[in-house]
Amino acid sequence: MSFTPSFDVHLLCTSALACERDSRVLYNDLNFVVKPGHLWHVKGRNGAGKTTLLRQLAGLHPVDTGEVLYSNNSIKMIYIGHKLGLKEQLTADENLCWLAGLDGSSTQSQRYAALEHVGLRGYEENPVAQLSAGQKRRVALARLHLCKADVWLLDEPFTSLDQQGIIDEIDWLRQHTRAGGAVLMTSHQDINLPNVKILDLGQYSPLLGECLPDKGSSII
Amino acid sequence: MSFTPSFDVHLLCTSALACERDSRVLYNDLNFVVKPGHLWHVKGRNGAGKTTLLRQLAGLHPVDTGEVLYSNNSIKMIYIGHKLGLKEQLTADENLCWLAGLDGSSTQSQRYAALEHVGLRGYEENPVAQLSAGQKRRVALARLHLCKADVWLLDEPFTSLDQQGIIDEIDWLRQHTRAGGAVLMTSHQDINLPNVKILDLGQYSPLLGECLPDKGSSII
Amino acid sequence: MTESSWRMPRWFHQMGSPKWFYGFAGILQPWFAIAALGLLTWGAVWGLAFAPADYQQGNSFRIMYVHVPAAILSQSIFLGMAVAGAVGLVWKMKVAFMVARSCIAIGATFTAIALVTGAIWGKPTWGAYWVWDARLTSTLVLFFLYAGIMALNQAISERHIAGKATAILAIVGTINIPIIKYSVEWWNTLHQSSSFTLTAKPSMPADMYLPLLLTVLGSYCLFALVVLMRTRSQIVQSQSGASWLMQHRDITGA
Amino acid sequence: MYFESLEALLNMAGHGPYVWSCYGLFFALLGINVWHAKRQQLKALKQVKAFVRRNS
Amino acid sequence: MIRYMWAIVRRDLLLVARQPAEMINPLVFFLLVIALFPLGVSPEAALLSQTAAGVIWVAAMLATLLSLELLFKLDHDDGSLEQLLLAPYPSWSLVLAKVFVHWLVSGLPLILISPLIATMLFLPSHAVPTLMLSLLIGTPTLSLLGAIGAALVTGVRGGGMLLTLLILPLYVPVIIFGASSVAAAAQGMAIGGYMALLAAMFVFALMITPWSAGSALKL
Amino acid sequence: MIRYMWAIVRRDLLLVARQPAEMINPLVFFLLVIALFPLGVSPEAALLSQTAAGVIWVAAMLATLLSLELLFKLDHDDGSLEQLLLAPYPSWSLVLAKVFVHWLVSGLPLILISPLIATMLFLPSHAVPTLMLSLLIGTPTLSLLGAIGAALVTGVRGGGMLLTLLILPLYVPVIIFGASSVAAAAQGMAIGGYMALLAAMFVFALMITPWSAGSALKL
Ligand code: HEM
Ligand SMILES: Nc1ncnc2c1ncn2[C@@H]1O[C@H](COP(=O)(O)OP(=O)(O)OP(=O)(O)O)[C@@H](O)[C@H]1O
Ligand SMILES: Nc1ncnc2c1ncn2[C@@H]1O[C@H](COP(=O)(O)OP(=O)(O)OP(=O)(O)O)[C@@H](O)[C@H]1O
Ligand SMILES: [Mg+2]
Ligand SMILES: [Mg+2]
């Protein structure tokens, strides 16, 4: 890890964050602080709003009510969602190359090392279209090892991984938080790590029909 | 269930089935018999060939070496893969309507009952585009309750379901096999049922570099 | 709203609140309805039955009393839509987006009326329903701009996204309208095809002129009426559940 | 009135069909617009009322 | 099988109804191409009436072609094509059902609006019935032939352009006979021969399309 | 930011190189439309040379328009657009990078092949330099204005037709000036004014596109 951990500051926090979709309120009055070393496991049943929350934090979904505050403007985040953002025609290596190129640069040996790290040795030059579901997911996850970021936002990162893959990934999460990074992730499986913080969206959803206060203006 | 179970016949079987993709041999000399009441759990690490096997059985991937034999021509199968085959603009109910219409017909109350069965009560008239990942999966699974089929071919059907969803689904699998149906499914999670038959593709993959015999003719 | 980069006066902020707008529009609505009905009927009857015929065109001249208001409105509504969209984008005001969206259908209607009445008028005057004249062509392009915005609105299901997309397209279209107009005029003079020109009379008798004024004003009132009605229904849809709306007498049914 | 008779008003020296169809179109299309806006308003109110009833 | 085809037709019409923009889009494209032609070339009535037949037919072909791209592609991308092919019915019935809806949505409106277009391009009014008749026989032929290309490019990324390449050669005879028939009518000549040829091509397309598009889909 | 734009340009060029069909497709579409025109309308040299300028420009516009559809759509569908937008750079730089590649792939080949086309349509040879020059200024304008529409229809199913509808009105002035300049050159008249207008429109497009397409992408 290239950045120096400083465990006292917070990386991001939300203040009275709420979200309404299609006139159903998903969560209301959500306040939490993400500090270096935190691993947040966002839980909730299907349709609870986990994906929506992660996208709001990443800045991909408009925040209408409440606020998301970042410690400073240069905080780096990586978001990996349901859609992996890989180009099917390009090889695994080429995909990593442009993804890494968005906020830095990488050498081929770094990329090969990252791919080996996620168990894709020998598949570096295969077009992603010819990989299986789990292998695609691994290519996307390889980015975590290539680009240094403070906060990882991972939406169901265990999907289609085999059992060894999940064990490996939990290990990466542990190392990242140890080194002063933070992770916010969703999953329907439990995570076997000691210091996991649970954010259960079920607790925050208000009664049906209750409505969010309208502030008159909105940031769309 | 409308059909009468007859547990002695077999529904489908494979004989010396093999598959090679991109000059990597995935599995070789695969022989198994699927009888009424069977629940096959296809296992294997990422890229082992689980998806490919299910697609070969469904008739969506060409069989080059070996054979897949069906008990008779009228055997009914439902295949649900990584892509769910739902139209995003249509509502959950309308999607079920056309899917069911492919090999039968359905009344609205039947469809509503199926949707309630998968926990989507109140979402019947929502466009599928507005559902979460797990809710979409549930719409696709609702078809299992609407159309009667002998064999269910399910590729990672637990993906994005929450814990209660997985428990419910295992229960449907149990009921289906009890009633004389058969299931072939893949998953990286274990299935808590007594009579699960494991098909581990790891055992069938030949050593790297070993090659399939060329039969000269192929059934495409 | 201190975080807004540009300060806005209090009344302006108020206008952006759905609650206030809903109430105020509800007061204005009936007045516009009465004015539109009165002015349009008065102007139409005067224009149809009482205004004198044109010495050149005869009675087909009476088409002017519907054609010209429609042509004028088709352009000013587009401008209005762009202004509302810009206000929405700059001050992040939901109601402005709703107003912009409410303009689309009525604007397209006026443009269609201008096109069709113009074409019908052309038959007795020019002997052809359509010529590739500059003004006609640019009106046709304007109609296509409206059609595009309408189609885009239908294709986007989420309300606030559709509002923003409408705003962007309306602004771009507005900047482009003068360019289109200019280019089309210029293109037409180059090829020198149609020798027809729209009859431009510097001085009309009041008997001919006043009905036109009435129908133009009436059309503006009708436009305002439709926009208020459509904006109000959008407010209702987006605010379902808000307590002020739940206690409003439109809902409680008093 | 400019015309002598009702027939003259309808006929307008041969231009009647053109003029009347234009006026007809003008009022018909605008009428449809107002009617549609009204219907939309009623529909929205109905939806909200149903929502209130469901949740009370 | 009728029920199967009906299920497809109903679903596709429902999809169109859910997004009516898709329905008027080929129509508007048609109108726009035709409006651009005078702008680019010349607004003179004499020149326009001379070229009207050809321009209308080329525009109709382009409009059909463009809407064809999505004929099977959307179904392939979301996985519903797999489900349709898994049903125990021959794939040609699937092709016919989808082509029928495509024509209803893209071809029919063109025919209905063609008189208006003819006026704008100063086509003599006695040629308008011929124009409509030739479009009535010609556009289904275009939809049918196009389906072969659409089936072949299904699953290919950015297949729109590829489709154009595959299909345009097949469209050439239709365009030639269609445009010639209208031009002949404008000059007051007999059109029986052209119509017979157009009808023959329609029958030909009806014979080869279901088979070839059906097998292309199963590739 | 330069590095960010460069990463996008390199990736997009790599994608094109991986599938060269995508590159020649606009070109072939252009050729085919132009070839169909004489077939549908009339093969007479006099008529063709009179209409050549307009036909070439309309065909160039259609070719650009069709290839625009996928400008952002493919990136949106596989989720890579999200990743591009998440990068800490303004979205207009993304728009500019993508438009540049689009022009390189769809506009430039048209310009290079235009002398050939001009000969086929009997355009006087002294007008060919003007044709190429007007295309050189005009096609980037078309790509830029088109990007606005492409950004707006991103994420909308079946957006191809919708895009056409949104963008064609904006294309009208470019077509008019482009075609007029070539026609003027063919008649031996001065073209300075047209070129100045085309250049002015290019600058205008360069000013509004990055803002409007950039904000449309973030919707
Ligand atoms: C499809 C055909 C036509 C279209 C699209 C059309 C469009 C327009 C437009 C855009 C205006 C400008 C309104 C403004 O902003 O002041 C206008 C005004 C006018 N048009 Fe037409 N027009 C058409 C046919 C005709 C015909 C056939 C006549 C009569 C011979 C006519 C007579 C007029 C007059 C007298 C005005 C008012 C002139 C002025 O105030 O500047 N129009 N029309
Ligand atoms: N595009 C959309 N428009 C309107 N509502 C939506 C949209 N997408 C999702 N929703 C609704 O928002 C709610 C939350 O969706 P979200 O995707 O955040 O759920 P989730 O917690 O990620 O669920 P899952 O575990 O199934 O992935 C759902 O009830 C869904 O119906
Ligand atoms: N379109 C393709 N062309 C060539 N090879 C492919 C293609 N799709 C998959 N493969 C290869 O086939 C092998 C098996 O893929 P398959 O999708 O069947 O795996 P899987 O067992 O389902 O894996 P997962 O658990 O990741 O879903 C992989 O090694 C993959 O690289
Ligand atoms: Mg989710
Ligand atoms: Mg798989």
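Per chain, numbering begins at 1; letters A, B, ... match sequence-line order. What you see below is based on every heavy atom in this structure, not just the backbone, and it leaves out hydrogens, waters and symmetry mates. The model shown is predicted, which means the values in this text are computed figures rather than measured ones.
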Subject >> 4.5 Å side-chain heavy-atom contact, C:Met229 and C:Gln29 >> reply: yes

**OP:** Measure the acute angle between the ring planes of C:Trp20 and C:Phe24, then classify it against the limits of 30° and 60° as parallel, tilted or perpendicular.
**Re:** parallel

Subject >> Which portion of C:Ile235 sits near chain D, non-hydrogen atoms under 4.5 angstrom >> reply: neither

Original post:
Quick one: of C:Ala44, C:Ala70, C:Pro69, C:Ala112, who has the most non-hydrogen atom pairs under 4.5 Å with chain D?
Top reply: C:Ala44

Original post:
Of the backbone (N, CA, C, O) and the side chain (C-beta and beyond), which part of D:Lys43 lies under 4.5 Å from a heavy atom of chain C, both, or neither?
Top reply: neither

Subject >> Qualifying residues under ring-ring contact (aromatic ring centres under 6.0 Å, His included), relative to C:Phe110, sequence neighbours excluded >> reply: none

Original post:
chain D heavy atoms under 4.5 Å from C:Ser219: which part of the residue, side chain, backbone, both or neither?
Top reply: side chain

Original post:
Parallel, tilted or perpendicular for C:Tyr65 and C:Phe61, by the 30°/60° rule?
Top reply: perpendicular

Original post:
Going through the checks in order, is the side chain to side chain contact (heavy atoms under 4.5 Å, CB included) test met by C:Tyr220 and C:Ser76?
Top reply: CA-CA 10 Å; C:Tyr220 270 111; C:Ser76 28; 2.9 Å; yes

**OP:** Tell me, for C:Ile120 versus chain D, whether the close heavy atoms (under 4.5 Å) come from the side chain, the backbone, both or neither.
**Re:** both

